[in-house]
Amino acid sequence: MTTFIAGGTGKTGRRVAVRLHARGITTRIGSRTGTPPFDWDRPETWEAALGEADRAYVAYAPDVAVPNAPDQLSGFGKAARHLHAITLLSGRGEPQAKQAEDALRDTAPHATVLRASWFAQNFSEGLFLDAVRQGRLALPVGDTPEPFLDADDLADAAVATLTEPNHEGASYQLTGPRLLSFADAVQEIAEAVGREVRFESVSEAAMLDGGPPDEIDLVLMLFRELFDGRNAHLDTGVQQLLGREPRDFRTFAQANEEAWR
Ligand SMILES: NC(=O)c1ccc[n+]([C@@H]2O[C@H](COP(=O)([O-])OP(=O)(O)OC[C@H]3O[C@@H](n4cnc5c(N)ncnc54)[C@H](OP(=O)(O)O)[C@@H]3O)[C@@H](O)[C@H]2O)c1
């Protein structure tokens, strides 16, 4: 068995690769810096990158909600339709992400979809890391709660869909076990690290000079769309796929406190 991992150097792809290696499964890491390279914007790179793979984990970049995603995932599904299994990482409650899922399934109907809530690792290895380290995270979101999901649980679930039978064409909603506002999550981190970290709810305008314009636009779009209450509930995809409870945010924060020192 050989598994192609699109986004194999990212938060979830890296974890999926480690788990597959531990089971003796060969991986091909898809990234722009891989050998051979894999680039969503250069379809001519896809066939060589897939090589002899017979299954694929797909973490689309930069985000399943961007306008290019449906076209590129439809093209990828065509190139990868011969694979035994394809698992797509998607977002929960996002109409644009659903369009991207549908486009992949138009050409690869057997694809499995994992709709994940926001990752706890956005605070420890992603977008929010620097701000949390500096002691102040400011975002255009109020107290709408989110069931943050541990990327380790997502990776365990992805491996289950790639290595066990009967997941073809299925969709799963994966969340953590507890609803937390961003302020609650930051408080959990502050307690784990043992120093003050503040959360501030700010206007969109206050975000605009906070980083690369493309990245900020994407974050604003996601916050606008996702934190209106539609995702403020728990789902059971982790339990369905793994037969156990997802990891709690407090356990995540305690295990990762070095990231914020
Ligand atoms: N963050 C969340 O809370 C969350 C929740 C639900 C769903 N998602 C979905 O998760 C996906 C991202 O997965 P992730 O968080 O595991 O990845 P990530 O940590 O954001 O890393 C991105 C990965 O994609 C690669 N990449 C970037 N641009 C690329 C391009 N043009 N062509 C090919 N590869 C490219 C990167 O490698 P190189 O830079 O070396 O190319 C890297 O391996 C998105 O589709 C997002 O919608 C995220």
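Note that these values count all heavy atoms, side chains included, but never hydrogens, waters or copies made by symmetry.
Looking at S74 and D71, their side chains never bring a donor and an acceptor atom within 3.5 Å of each other. S171 and R105 are linked by a side-chain donor-acceptor pair at a separation below 3.5 angstrom, with hydrogens and angles left out of the test. Residues T27 and Y57 bring no donor and acceptor atom of their side chains to less than 3.5 Å of each other.
A heavy-atom distance below 4.5 Å is not found between the side chains of T87 and V159. Within the 4.5 Å cutoff, side-chain heavy atoms of Y172 are placed close to those of H167. Between L222 and L218 there is a side-chain heavy-atom pair separated by less than 4.5 Å. Counting heavy atoms from C-beta on, the side chains of L114 and L241 come closer than 4.5 Å. Under the 4.5 Å side-chain criterion, counting only non-hydrogen atoms from C-beta, H233 is not in contact with S117. H84 places none of its side-chain heavy atoms less than 4.5 Å from the side chain of H110. Looking at R244 and Q239, their side chains never come closer than 4.5 Å, going by heavy atoms from C-beta outward. Inter-residue side-chain proximity for E225 and P95 is flagged as met; some heavy-atom pair is nearer than 4.5 Å.
Taking the six-membered ring for Trp and the full ring otherwise, the centers of F252 and F148 sit at least 6.0 Å from each other. Aromatic pair F76/W40: centroids less than 6.0 angstrom apart. Aromatic ring centres of F223 and W118: separated by under 6.0 Å.
Ring-plane geometry between F182 and F123 is classed as tilted, the angle between the planes lying from 30 to 60 degrees on a 0 to 90 degree scale.
Linking ILVMFWY residues whenever their side-chain heavy atoms come closer than 4.5 Å, directly or via other members, places F199 and W260 in the same cluster. Note on Y60: it clusters hydrophobically with L50, by side-chain heavy-atom contacts below 4.5 Å among ILVMFWY residues. In the hydrophobic cluster analysis, where Ile, Leu, Val, Met, Phe, Trp and Tyr join through side-chain heavy atoms closer than 4.5 angstrom, V193 is grouped together with L137. L220 and V141 fall within the same hydrophobic cluster, where Ile, Leu, Val, Met, Phe, Trp and Tyr residues are linked whenever their side-chain heavy atoms come under 4.5 Å apart, directly or through other members. In the hydrophobic cluster analysis, where Ile, Leu, Val, Met, Phe, Trp and Tyr join through side-chain heavy atoms closer than 4.5 angstrom, L104 is grouped together with V58.
A160 and L242 make their closest contact through CB-CD2, 4.2 Å (heavy atoms, listed as atom of the first residue, atom of the second, distance). Across all their heavy atoms, N231 and G93 have their closest contact at OD1-CA, 3.7 Å. Across R92 and L174, no two heavy atoms sit closer than the pair CD-O, 4.3 Å. Across all their heavy atoms, V197 and R136 have their closest contact at CG1-N, 4.5 Å. The shortest non-hydrogen separation linking A97 to V64 is CB-CG2, 3.8 Å. Across V16 and A158, no two heavy atoms sit closer than the pair CG2-CB, 4.0 Å.
Of the possible donor and acceptor atoms, one in the side chain of R55 sits under 3.5 Å from a partner among the backbone N and O of L162. Using a distance-only test at 3.5 Å, with no hydrogens or angles considered, a donor-acceptor pair links the side chain of D153 to the main chain of R247. Judged by distance alone, with hydrogens and angles left aside, the side-chain atoms of D184 form a donor-acceptor pair with the main-chain N or O of S181 at under 3.5 Å. Between the side chain of T144 and the backbone N or O of F227 there is at least one donor-acceptor pair closer than 3.5 Å. Between the side chain of Q121 and the main chain of A151, a donor-acceptor pair closer than 3.5 Å is present.
Of the charged side-chain nitrogens involved, at least one lies within less than 4.0 Å of a carboxylate oxygen, so that R178 and D248 count as a salt-bridged pair. At a threshold of 4.0 Å, the pair E94-R115 does not count as salt-bridged, since none of the basic side-chain nitrogens sits closer than that to a carboxylate oxygen. The residues R15 and D156 are annotated as not salt-bridged, no charged nitrogen and carboxylate oxygen being separated by less than 4.0 angstrom.
Between atom CD of residue Q134 and atom CG of residue L129 there is a gap of 9.5 Å, rounded to the nearest 0.5 Å. Between the CD atom of E191 and the CZ atom of R250 there is a distance of 6.5 Å, given to the nearest 0.5 Å. In this structure, the separation between CD1 on I216 and CD on E204 is 11.0 Å, given to the nearest 0.5 Å. In this structure, CG on L154 lies 11.5 Å from OG1 on T175, to the nearest 0.5 angstrom. In this structure, T9 OG1 and F38 CZ are separated by 11.5 Å, a value rounded to the nearest 0.5 Å. Atom CG of D152 sits about 10.5 Å away from atom OG1 of T12, to the nearest 0.5 Å.
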Please test D41 against Q72 for side chain to side chain contact (heavy atoms under 4.5 Å, CB included), starting from the C-alpha separation and ending with a verdict.
CA-CA 8 Å; D41 297 325; Q72 292 180 340; 3.0 Å; yes
T161 and T112: CA distance, side-chain angles, deciding distance, side-chain hydrogen bond (donor to acceptor under 3.5 Å, both in side chains) verdict
CA-CA 7 Å; T161 62; T112 306; 5.3 Å; no
Side chain to side chain contact (heavy atoms under 4.5 Å, CB included) for L179 and E146? Distances and angles first, verdict last.
CA-CA 5 Å; L179 288 163; E146 171 74 4; 5.9 Å; no
The test is side chain to side chain contact (heavy atoms under 4.5 Å, CB included); show your working for N122 and K11 and say whether it passes.
CA-CA 9 Å; N122 291 324; K11 283 188 293 301; 3.6 Å; yes
Hey, mind stepping through M1 and L20 against side chain to side chain contact (heavy atoms under 4.5 Å, CB included) and telling me if it holds?
CA-CA 10 Å; M1 274 172 24; L20 292 174; over 6 Å; no
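Within a 6.0 Å sphere centred on CD of E47, other residues, nucleotides and ligands contribute 12 heavy atoms or fewer. When the shell of 6.0 Å around CD of E44 is examined, it contains more than 12 heavy atoms from other residues, nucleotides or ligands. More than 12 heavy-atom neighbours from other residues, nucleotides or ligands sit within 6.0 angstrom of CG on D228.
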